Amino acid sequence: MSGAGLRYLVFLGSVRASGPPYPERLGLRVARACLGWLDAGADRAALVDPLDLQWPSAFKPHFAYRAADMPADLGELARQIAAADGYVMVSPEYNHSMSPALAHLLNHFGSSLFGFKPSAIVTYSAGQWGGARAAVGMRTFLAELGCLPVSAMVHVPRAHEVFDEDGRVREAAREAEWSGYFGRAFGQLEWWAAAARAGRAAQDPSAVSPAFRRDVAARNAPGGGDAP
Ligand SMILES: Cc1cc2nc3c(=O)[nH]c(=O)nc-3n(C[C@H](O)[C@H](O)[C@H](O)COP(=O)(O)O)c2cc1C
């Protein structure tokens, strides 16, 4: 199965401003490490940094806007999500959970944009657990979003000791180990992305699973009543 031409988006789940707790906004270096390994110089992956995005702070998902009122950044990110073949979700652990910034960002988009494509979970922390507890809940979240997470997960404890600010492994002697660790998850991502691309070309997913439009009750089991 060929991975030629596949495109990935790397979502960074931190909107932290400068200041303590130190080190500051640790996630950027983890996202950069992901971009380096995914890209391999081929321009296959792009960073989604929530600090670069602007739209109204009152929550209104992408699908609730009319085209004429759509904030430019929201419309553009929706286009990129639809065009991508797979996703890497980079999240810190905040209170043993996935980053609220990542959840909030992703909540703006429906499963019709993410669905029938794979994702990879990459978590990190300044401490010793590498975000493993956050990752558990991310599986559920991403499965509901339709971009099923591959089985191999990446957890980076003490990420500031592992990567420099450009996302390079600090300890040259450990570069191959880290590359192999990320590579296992990204290899799975690539396999599923290629398979899903072929599957989408063979059959339009909306034919077997029409997108929910306005009514959340469309998810209900038959006879389940009106409440969402
Ligand atoms: C509100 C908050 C909650 C945190 N909760 C946890 C936690 O549950 N587990 C953990 O290992 N680290 C936790 N940390 C420490 C983060 O791992 C560390 O601050 C990391 O740098 C956060 O990523 P960021 O800098 O990219 O935002 C927490 C940090 C903050 C600010």
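Hydrogens, waters and symmetry mates are skipped; everything else that's a heavy atom, side chains included, is used. Since this is a predicted model, take the numbers as computed values, not measurements. Counting starts at 1 for both ligands and their atoms, in listed order.
- Inclusion of E24 in the set of residues having an N or O under 3.5 Å from an N or O of ligand 1 is not warranted.
- By the 6.0 Å contact criterion, CH2 on W37 is enclosed, its count of non-hydrogen atoms from other residues, nucleotides or ligands being greater than 12.
- Remark: K60 qualifies as a cation-pi partner of Y65 under the 6.0 Å distance and 45° angle criteria applied to the six-membered ring.
- The closest heavy-atom contact to atom 19 (O) of ligand 1, among the options G13, S99, P21, A132, comes from P21.
- Counting heavy atoms closer than 4.0 Å to ligand 1, residue Y124 contributes side-chain atoms (C-beta onward) but none from N, CA, C or O.
- With contacts defined as side-chain heavy-atom distances shorter than 4.5 Å, the pair K117/W192 does not qualify.
- Screening R200, R7, R197 against D85 for a side chain to side chain donor-acceptor pair (under 3.5 Å) leaves a single residue, R200.
- The closest approach between a heavy atom of G27 and any atom of ligand 1 is below 4.0 Å.
- Per-residue contacts place A126 under 4.0 angstrom from the following atoms of ligand 1 (heavy atoms of the residue considered): 17 (O), 18 (C).
- Side chain to side chain, N95 and S97 fail the donor-acceptor criterion of an N or O pair below 3.5 Å.
- H62 places none of its side-chain heavy atoms less than 4.5 Å from the side chain of I81.
- Side-chain N or O atoms of T123 include one that pairs as donor or acceptor with a backbone N or O of G130 at under 3.5 Å.
- Remark: among candidates R29, H160, H96, R25, the nearest residue to atom 8 (O) of ligand 1 is H96, based on non-hydrogen atoms.
- Among all non-hydrogen protein atoms, the one lying nearest atom 5 (N) of ligand 1 is N95 N, 2.8 Å.
- For atom 20 (C) of ligand 1, the nearest non-hydrogen atom of the protein is L26 CD2, 4.1 Å.
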Derivation of the side chain to side chain donor-acceptor pair (under 3.5 Å) call for H96 and W129: CA-CA 10 Å; H96 293 196; W129 305 113; over 6 Å; no

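- Atoms of ligand 1 lying under 4.0 Å from at least one heavy atom of S125, given by number and element, are 11 (O), 17 (O).
- Counting heavy atoms closer than 4.0 Å to ligand 1, residue E93 contributes atoms from both its backbone and its side chain.
- Proximity of P92 to ligand 1, defined as any heavy-atom pair under 4.0 Å, is confined to the side chain (atoms from C-beta onward).
- In terms of protein heavy-atom proximity, atom 22 (C) of ligand 1 is nearest to Y94 CE1, 3.6 Å.
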